[in-house]
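To start, the structure under review is shown below, and the notes come after it.
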Amino acid sequence: MSSEKFDEEYFADTYHRPEICEKCGAKLEFVGVGAYRCIKCRHEMYDDYGKVRNYLEKHPGANAGEVSDETGVAEKTITHMLREERLQVSKDSKTFLKCEVCGKPIISGKYCKTCGDLAKAADKKKKEQRERKKREMMIQGVGMVTHEDDGKRRFDRDSR
Ligand SMILES: [Zn+2]
Ligand SMILES: [Zn+2]
């Protein structure tokens, strides 16, 4: 991800970005991935994203409820971060997210691999159906054009 600047602004509201230093009240500067540093006393503070990320780095097996309890960040926000794939829990993690189709534990996104593949296959089928319809319409269109051409030719012939 290249535009941290954009992320910083976009998620300022969603992730409760800290405005001023809790120790001395001075301004904070953004130092990356949800972390902010006081320009005066160098005290570091985190927004929701930073808090969750930090916690997960130390407790990779934690589930959303646990993270929420420990960081004070709403479980909904945590789930959202994972769904958007801004966060990933480690592969050996306990149940964190569930596949929306079969309920199997997953580490990011909406579906497990199986259901993701199925969804992709269904998508492909839909696309093929759309293509077929387009082809049918094109054939009809060609038919019409041919008709018109015939008429024109006939007309030309007649007028000659
Ligand atoms: Zn400070
Ligand atoms: Zn699934």
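Throughout, numbering of the chain's residues begins at 1 and tracks the sequence. Atoms within each ligand, like the ligands themselves, are counted from 1 in listed order.
Using a 4.5 Å cut-off between side-chain heavy atoms of Ile, Leu, Val, Met, Phe, Trp and Tyr, with links allowed through other members, Y46 and V67 fall into different hydrophobic clusters.
Look at H43 and the Zn ion (ligand 1): no N/O/S atom of the residue is under 2.8 Å from the metal.
Across all non-hydrogen atoms, the minimal contact from I78 to V73 is CD1-O, 3.7 Å.
Seen from the Zn ion (ligand 2), atom SG of C99 and atom SG of C102 lie 110° apart in angle, a value rounded to 10°. Rounding to 10 degrees, one finds that the Zn ion (ligand 1) sits at the corner of an angle of 110° between C38 SG and C21 SG. Note: angle at the Zn ion (ligand 2), from SG of C115 to SG of C112, is 100° (rounded to 10 degrees). Seen from the Zn ion (ligand 1), atom SG on C24 and atom SG on C41 lie at an angle near 120° (rounded to 10 degrees).
In this structure the side chain of Y111 reaches within 4.5 angstrom of the side chain of E100, judged on heavy atoms. Counting heavy atoms from C-beta on, the side chains of M45 and L28 come closer than 4.5 Å.
Grouping Ile, Leu, Val, Met, Phe, Trp and Tyr by side-chain contacts under 4.5 Å, direct or through others, leaves L118 on its own.
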